[in-house]
*Asks:* 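Dropping a structure here in structure tokens format, bear with me for questions.
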Number of protein chains: 2
Amino acid sequence: MDQLAKALGARIRTQRKACRLSQDALALACSIDRSYMGRIERGEVNITVEKLYRIASLLSCDPASLLPPVAELQPG
Amino acid sequence: MDQLAKALGARIRTQRKACRLSQDALALACSIDRSYMGRIERGEVNITVEKLYRIASLLSCDPASLLPPVAELQPG
């Protein structure tokens, strides 16, 4: 489900930019390693729900709003 | 954030029961170890977003609907 990680990472990146935060600033605020935050946004890692909540909190959005709609992940 | 894991596990259990599935049947369908599924429902582990999507798919619900509202997790 690497499609999911990519879609989730893209949504996190979009929301981070909307908040005018750098990737480094977000990583620091979330206590997540900077290089790991880059991997999250590129969809290279599967994050835990707990990290999702931490990131959403810093981005002032609902965790659910960062989840890609299932319909977008269907093959085809 | 073990409060989050507990609230998420409780919501998964509620939805599983609504689907009239046993914990074993859900674990098997999701390719998740049976004992691990028990730990998920008891909130002893932090699951990945990818597992959340797999579980939601088997429970015929939206992944976002399994996420506990942030307001329920506030201390106090």
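Excluded from the calculations below are hydrogen atoms, water molecules and symmetry mates; all remaining heavy atoms, backbone and side chain alike, are included. Residue numbers begin at 1 in each chain, while the letters A, B, ... track the order of the sequences.
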*Asks:* Between A:L67 and B:L52, is there a side-chain heavy-atom distance shorter than 4.5 Å?
*Replies:*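 A side-chain contact under 4.5 Å exists here.
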*Asks:* Quick check on side-chain contact (heavy atoms from CB on, under 4.5 Å): which of B:L8, B:I47, B:L4 does A:E50 satisfy it with?
*Replies:*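 Only one option passes, and that is B:L4.
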*Asks:* What is the minimum heavy-atom distance between A:P63 and B:V70, and which atoms define it?
*Replies:* CD-CG2, 3.5 Å
*Asks:* For residues B:L28 and B:M37: do they belong to one hydrophobic cluster (side chain heavy atoms under 4.5 Å, members Ile, Leu, Val, Met, Phe, Trp, Tyr)?
*Replies:*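 Cluster IDs for B:L28 and B:M37 differ.
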*Asks:* With a 6.0 Å cut-off (strictly less than), is the heavy-atom count around CZ of A:R42, excluding the residue itself, greater than 12?
*Replies:* yes
*Asks:* Following the transitive rule for hydrophobic clusters with a side-chain heavy-atom cut-off under 4.5 Å over Ile, Leu, Val, Met, Phe, Trp and Tyr, establish whether A:I55 and A:L21 coincide in one cluster.
*Replies:* yes
